[in-house]
Amino acid sequence: MESLMDAAGPLGLVLLALVDSTSIGTLVIPVILLVVGRGGALRVAGRTLLYLAVIGVFYLLLGIALLAGLLPLIGSFGHLLAAPQVMLVLAVAGVLLIIWSFRLDPKSVAKRGGDPEAAARRWTSRAHRASGRPSLLIGLALTAGVIEAASMIPYLAAMGILADMEVGLASGSLLLIGYCAVMILPGALLCGVRALLGGRADALLDRVHEWAVKNAAGSLSWVVGIIGVLIALNTVGPALAWLTGGASP
């Protein structure tokens with residue numbers, strides 16, 4: 001079977017990391033901390049960098065743990081992915097992801113009476129409470145990492161790419177360091193802007209915050225849909241061939 005992520009590789013990892021860099025945990029909360037933080041610009045930037053460092057290390061350790069578990073499984077059972085029955089299951093999963101992506105769209109959520117930006121507002125309140133104390137910032141970063149980890153589909157997809165590239169745990173860990181660095185880079189750059197410009201950066205940070213909240217509400221829908229399309233395109237052919245008798249089980 002042609003790999004599900006053959007076309008992705010390193011470029012796919014960079015793109016997924018950039019998507020992850022716009023999540024609530026990696027962009028929305030840091031911007032809030034930069035806006036509401038107490039003290040001088042350098043102190044506020046430093047505390048926000050502490051938050052980013054903690055969440056970056058959290059995802060790095062989580063990724064290494066996932067990769068350490070995936071690599072032996074791929075080595076032992078990777079050949080089973082070529083089975084037409086598995087292709088059928090994956091094709092169905094891809095279609096279901098595409099359908100789910102439409103339900104995750106903020107407009108669809110709003111039509112059903114939901115609030116697509118509710119999560120971002122809850123995190124805004126938590127960030128306000130934690131902004132003044134480093135210990136609370138560390139707790140906030142770990143909480144955001146744990147809660148968001150299950151829904152960070154780009155990150156999970158990146159784990160699949162790394163496992164499929166057969167780079168090994170050591171090389172995979174180095175790639176993960178780069179991935180996590182890209183993931184927190186926009187927030188870190190905004191820390192630099194706050195440190196250099198002080199209060200003059202307020203207008204820019206307010207605009208970034210508004211954009212990040214709206215983007216976080218819609219980016220998951222796009223990512224789920226894109227991954228669903230990739231899975232479906234790479235599996236529907238073999239699945240249909242098997243169903244129509246073109247391939248033996």
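Residues A144 and G25 come closest through the heavy atom pair CB-CA, 4.5 Å. Smallest separation of non-hydrogen atoms from S173 and L67: N-CD2, 4.3 Å. Closest approach of A41 and G198 over heavy atoms only: CB-CA, 3.7 Å. Counting all heavy atoms, side chain and backbone alike, T48 lies closest to P30 at CG2-O, 3.6 Å. Pairing each heavy atom of A201 with each of V193, the nearest pair is CB-CG1, 3.9 Å. Residues L140 and R126 come closest through the heavy atom pair CD1-CB, 3.9 Å.
The ring pair (Phe, Tyr, Trp, His ring centres under 6.0 Å) check on Y51 picks up nothing, with sequence neighbours excluded. With sequence neighbours excluded, no residue forms a salt bridge (charged side-chain N to carboxylate O under 4.0 Å, His left out) with D206. Listed by chain and residue number, nothing satisfies the side chain to side chain donor-acceptor pair (under 3.5 Å) test with T143 (two or more places apart in sequence, or in another chain).
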Could you walk me through whether S23 and T26 pass the side-chain contact (heavy atoms from CB on, under 4.5 Å) test, one step at a time?
CA-CA 5 Å; S23 74; T26 56; 2.9 Å; yes
Could you go through the side-chain contact (heavy atoms from CB on, under 4.5 Å) check for V146 and F58 one step at a time?
CA-CA 9 Å; V146 170; F58 172 85; 3.8 Å; yes
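Both L205 and W211 sit in one connected hydrophobic cluster of ILVMFWY residues. Membership requires side-chain heavy atoms under 4.5 Å apart, directly or through other members. When hydrophobic clusters are built by joining Ile, Leu, Val, Met, Phe, Trp and Tyr residues whose side-chain heavy atoms come closer than 4.5 Å, directly or via intermediates, V57 is not grouped with M159. A single hydrophobic cluster is not seen to contain both L97 and F102; linkage of ILVMFWY side chains at heavy-atom distances under 4.5 Å, directly or through other members, places them apart. Using a 4.5 Å cut-off between side-chain heavy atoms of Ile, Leu, Val, Met, Phe, Trp and Tyr, with links allowed through other members, V31 and L197 fall into the same hydrophobic cluster. Residues I184 and I64 share a hydrophobic cluster, clusters being chains of Ile/Leu/Val/Met/Phe/Trp/Tyr side chains in contact below 4.5 Å.
One finds the CE atom of M183 at 11.5 Å from the CG atom of L16 (value rounded to the nearest 0.5 Å). One distance of note links CG of L176 with CG of L62; it measures 9.5 Å at 0.5 Å rounding. If you take CG on L174 and CG on L169, they are separated by 9.5 Å, rounding to the nearest 0.5 Å. The line from SG of C191 to CG of L34 is 4.5 Å long, rounded to the nearest 0.5 Å. Going from atom CD1 of I32 over to atom CD1 of I24 covers 8.5 Å, rounded to the nearest 0.5 Å. In this structure, CG on L33 lies 11.5 Å from CG on L190, to the nearest 0.5 angstrom.
Not a single donor-acceptor pair under 3.5 Å links the side chain of R133 to the backbone N or O of A130.
Counting only residues at least two apart or on different chains, no ring-ring contact (aromatic ring centres under 6.0 Å, His included) pair has a member in residues 13-35. For the salt bridge (Lys or Arg N to Asp or Glu O under 4.0 Å) condition, the pairs that include at least one residue of residues 179-199, sequence neighbours left out, are R194-D202. Listed by first and then second residue, the salt bridge (Lys or Arg N to Asp or Glu O under 4.0 Å) pairs involving residues 167-193 amount to none (not counting sequence neighbours).
Between Y179 and Y155, a ring centre-to-centre spacing shorter than 6.0 Å is recorded.
Put simply, the residue from L175, L60, L52, L185 that forms a side-chain contact (heavy atoms from CB on, under 4.5 Å) with C180 is L60.
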